[in-house]
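Below is one structure, written out as structure tokens, with a few remarks after it.
Excluded from the calculations below are hydrogen atoms, water molecules and symmetry mates; all remaining heavy atoms, backbone and side chain alike, are included.
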Number of protein chains: 4
Amino acid sequence: MPANPPDPGRRNERSRRAILDASLSLIGELGYDNVSVEAIARRAGVGKQTIYRWWSSKGEVVLEAATDSLDPVVVFPDTGDIVEDLRVQLTGIVELIANTGFGSAYQGLIAAGQSDRDLLRALHDQIIAPNITAFGQRLTSAQERGEVRADADVQTLRDLLYGVIEYRLLHAMPIEPGHIDAVLAITFQGVR
Amino acid sequence: MPANPPDPGRRNERSRRAILDASLSLIGELGYDNVSVEAIARRAGVGKQTIYRWWSSKGEVVLEAATDSLDPVVVFPDTGDIVEDLRVQLTGIVELIANTGFGSAYQGLIAAGQSDRDLLRALHDQIIAPNITAFGQRLTSAQERGEVRADADVQTLRDLLYGVIEYRLLHAMPIEPGHIDAVLAITFQGVR
Amino acid sequence: MPANPPDPGRRNERSRRAILDASLSLIGELGYDNVSVEAIARRAGVGKQTIYRWWSSKGEVVLEAATDSLDPVVVFPDTGDIVEDLRVQLTGIVELIANTGFGSAYQGLIAAGQSDRDLLRALHDQIIAPNITAFGQRLTSAQERGEVRADADVQTLRDLLYGVIEYRLLHAMPIEPGHIDAVLAITFQGVR
Amino acid sequence: MPANPPDPGRRNERSRRAILDASLSLIGELGYDNVSVEAIARRAGVGKQTIYRWWSSKGEVVLEAATDSLDPVVVFPDTGDIVEDLRVQLTGIVELIANTGFGSAYQGLIAAGQSDRDLLRALHDQIIAPNITAFGQRLTSAQERGEVRADADVQTLRDLLYGVIEYRLLHAMPIEPGHIDAVLAITFQGVR
DNA sequence: ACCTAATCGAGACGGTACGTCCGGTCTTACT
DNA sequence: AGTAAGACCGGACGTACCGTCTCGATTAGGT
């Protein structure tokens, strides 16, 4: 993710953590674009150059912070009941959004991505693509067990499920368990 | 939409049009947030103050420009076939996005709305809400005719359909007729 | 002196004075090159851009401040006694150097001029050249009255008198009345 | 000259020379204060630390480089004709200034000395003071032989002669043989 | 000839200032 | 009164160097 990474061996891990932590906490407090690189450096107790040495923009920093905070959270369970498993997974994401800085960061990244194609691509590679893969595997396994029709359009199914969550997030609409139930009800009514 | 409207009687309509046109053309060329108020004023041949007198931010200007360009376009047909009518309507929106400055403007407004709640609300009131209303009416009429089950969750249905389009737009994924077909297939499989 | 002067009619005189005053006071306190443009702007309560709009560098600002503070001070008396008149004039300059911010500013300007030929030229035009002219006129009048030999090399005489003062200033050597007397004694021993 | 000399036995002479050479060549090309310690280190193929280990500042480095290049050059002849001897010595200095990197280095050192009293003192001790001594001895010998009046103010004489050269150097005025003649003519008209 | 400690090139680090851009406000002269 | 023009204060941008610091790798002297 670094713009043009120097020797990562010489990197100061203490500074890296301080920068990522400062990013998320500031964005949580002030919102993505009321946060400047200067402010991140100030809060992290770090020189601006140290940020620009390892990342090419605020977006890259925040993306790394978001990825870090997302990584350990989202796994697909496989209990044999695909709808129940998805309910668990989607609920986990919604809670991550609601209860951590991740929501604000993700909103900001999508927003920034609209005028920074590199950032949008990086966001895709690091956050969207892994989910596409995992979702595809879980669905395939459900198809093999006959839980879901073999000809179901997996990609569209995924876009619908995650798209509606992002849509409500970006439009500042609340996302509650009932919404997830309703979404799953409609989308799985005809595919199993 | 004016922030704190002075006397609108004395307003120079020539300047207003120049500003709205400059906004859309600049955003089409450079993307929403590579466009500054200064640049809009420069291109429109207008003083900065003239913009700030009538709008409270770049977002308001662009929203007005977007609304203007949207107004006459997307209506819900009612042929008695709800899925076919939706296909027509959704296709119309996708074409509007693809072929006019509206797409860039809308993307930018969603992005800007993430850190400007007033703008997001205005965007909702002027662009989203009318669609919700129209969609609700069309669906109700379909329910009355028995095309769609009476207990179908209309709001969730709408979020799914428009959410997935916005999702693909914001993630720079192409939206083609086949995608619309697939989305309609899944969402209407169980509701009629 | 402005780098590329905009319309001077629109200029804010209050800001101009604040900037010149801040320059001299800061240089007096900290020395020429411990003073940054940022610090001048801060002390003057002014945006950096307002400095860069009217001057092209710190040097230009300080030169204008120095010239302003020099202007009213140095005039050549003409009592008919050239040596006595020079003693008065030189003493005035030495006192200006000792007792005001002018000394520090002038030192800094000479120093900065060593790597900024434009600044050195501006310094020459605004401070050195007028002195050359005035000195030349006073000497000529002395020659006409027979106080000084007609074939005396006026330019060299001037360089010696003012050069030795600058030399002692730049080498942090004290300059006292006795030094001026000694200099005048040697240089005028043979020319009258 | 080292700031706080470590063990000079272990010093790498190859690096020392590379640093001094790089200093002078860079200053010749770019002027004293367009040259940074980083640039010297880069050109010399040396780590910054190696510079800071042995010198306390850029000024110290340049002073050592200048002293090295000055050492063998300017001696006072003693032919019995004081004016002629001075003409030779002054001409030698002027040529050193004009034809080697010494001029740029000296200019820069004077400039830097204005805001670094330690450097100015070092410059005095290593370059000015030896000249004062030598000049004093040569003048004394001239006085003993009756070439120059016994009560001539030697210190003032020296300041005048070398001050006027430095003055013209710092003001980017040319220094030619005629100037030296004129200066000697005025200053020695009354003292012999 | 070996060992160990200092020096070396390299370059990351926390900082400060650079000169530029733009945000939003205010002022001036013209229409 | 509205407008085009643009100066104003402020704050962030991304870059260059400062002087300090940490790394192995090399190189010296003392044994």
Side-chain angles (χ1 to χ4, degrees), chain A residues 3 6-12 14-16 18 33-42 44-54 56-58, chain B residues 3 6-12 14-15 18 33 35-39 41-42 44-54 56-58, chain C residues 3 6-12 14-16 18 33-42 44-54 56-58, chain D residues 3 6-12 14-15 18 33-42 44-54 56-58:
Chain A
D7 176 358
R10 297 202 167 287
R11 185 161 191 185
N12 182 338
R14 181 196 214 44
S15 297
R16 177 177 167 278
D33 54 90
N34 298 316
V35 171
S36 63
V37 174
E38 299 223 349
I40 294 172
R42 225 177 293 131
V46 138
K48 267 201 289 183
Q49 191 65 224
T50 300
I51 295 183
Y52 285 110
R53 194 173 357 254
W54 301 105
S56 65
S57 66
K58 178 176 67 166
Chain B
D7 176 358
R10 295 194 167 274
R11 184 163 191 184
N12 184 336
R14 183 206 252 336
S15 294
D33 56 86
V35 172
S36 64
V37 172
E38 302 224 351
R42 223 177 295 130
V46 138
K48 269 203 289 181
Q49 189 61 225
T50 300
I51 295 181
Y52 284 111
R53 199 184 341 267
W54 301 105
S56 65
S57 67
K58 178 173 69 167
Chain C
D7 175 357
R10 298 202 168 286
R11 185 162 191 184
N12 183 337
R14 182 196 215 38
S15 295
R16 178 176 167 278
D33 54 86
N34 298 318
V35 172
S36 62
V37 172
E38 299 223 348
I40 295 172
R42 224 177 295 131
V46 137
K48 267 201 288 182
Q49 189 67 221
T50 299
I51 295 183
Y52 284 110
R53 200 182 342 265
W54 302 105
S56 66
S57 66
K58 178 175 67 167
Chain D
D7 175 357
R10 292 189 170 279
R11 183 164 191 184
N12 183 338
R14 182 204 249 341
S15 295
D33 55 83
N34 299 317
V35 172
S36 63
V37 172
E38 302 224 350
I40 294 172
R42 226 176 293 132
V46 139
K48 273 202 287 182
Q49 190 62 224
T50 301
I51 295 182
Y52 284 109
R53 192 173 0 252
W54 301 105
S56 65
S57 67
K58 178 175 67 168

Does W54(A) have R16(A) sitting over its ring (NZ/CZ under 6.0 Å from centre, angle to axis within 45°)? no
Separation of [N] [atom2] from [X] [atom1] (nearest whole Å):
X	N	atom1	atom2	result
R16(A)	dC13(E)	CZ	C1'	17 Å
D33(A)	dC13(F)	CG	C1'	15 Å
R14(B)	dT31(E)	CZ	C1'	13 Å

Restricting to non-hydrogen atoms, name the atom on A41(A) and the atom on G47(A) that form the minimum distance, rounded to 0.1 Å.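 Looking at all heavy atoms of both residues, the closest pair is CB-C, 4.3 Å.
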Strictly under 4.0 angstrom, non-hydrogen atoms only: write out the protein contact profile of nucleotides 17-25 of chain E, one letter per nucleotide from the 5' end, B, S or -. SBBBBSBBB
Using only side-chain N and O atoms of [X], determine if any of them is under 4.0 Å from OP1 or OP2 of [N].
X	N	answer
R11(D)	dT7(E)	no
W54(D)	dA6(E)	no
R53(B)	dT3(F)	yes

Taking the side chain of S15(D) as its heavy atoms from C-beta onward, which of dG9(E), dT28(E), dC13(E) lies nearest to it? dG9(E)
Please pick, from dC9(F), dA4(F), dG9(E), the nucleotide with the shortest atom-to-atom distance to any side-chain atom of T50(B). dA4(F)
Which comes earlier along DNA chain F counting from the 5' end, the contact point of R10(A) or that of R10(C), where each point is its nearest nucleotide?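 Between the two, 5'-proximity favours R10(C).
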Distance from K58(D) atom NZ to I51(D) atom CD1, nearest 0.5 Å?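 Going from the NZ atom of K58(D) to the CD1 atom of I51(D) covers 11.0 Å.
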Measuring from N12(D):CG to T50(D):OG1, what's the distance to the nearest 0.5 Å? 8.0 Å
Does K48(B) use its side chain to pair, donor to acceptor, with the backbone of V37(B) at less than 3.5 Å? no
side-chain contact (heavy atoms from CB on, under 4.5 Å) against Q49(C), all qualifying residues, sequence neighbours excluded: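 Q49(C) satisfies side-chain contact (heavy atoms from CB on, under 4.5 Å) with R53(C) only.
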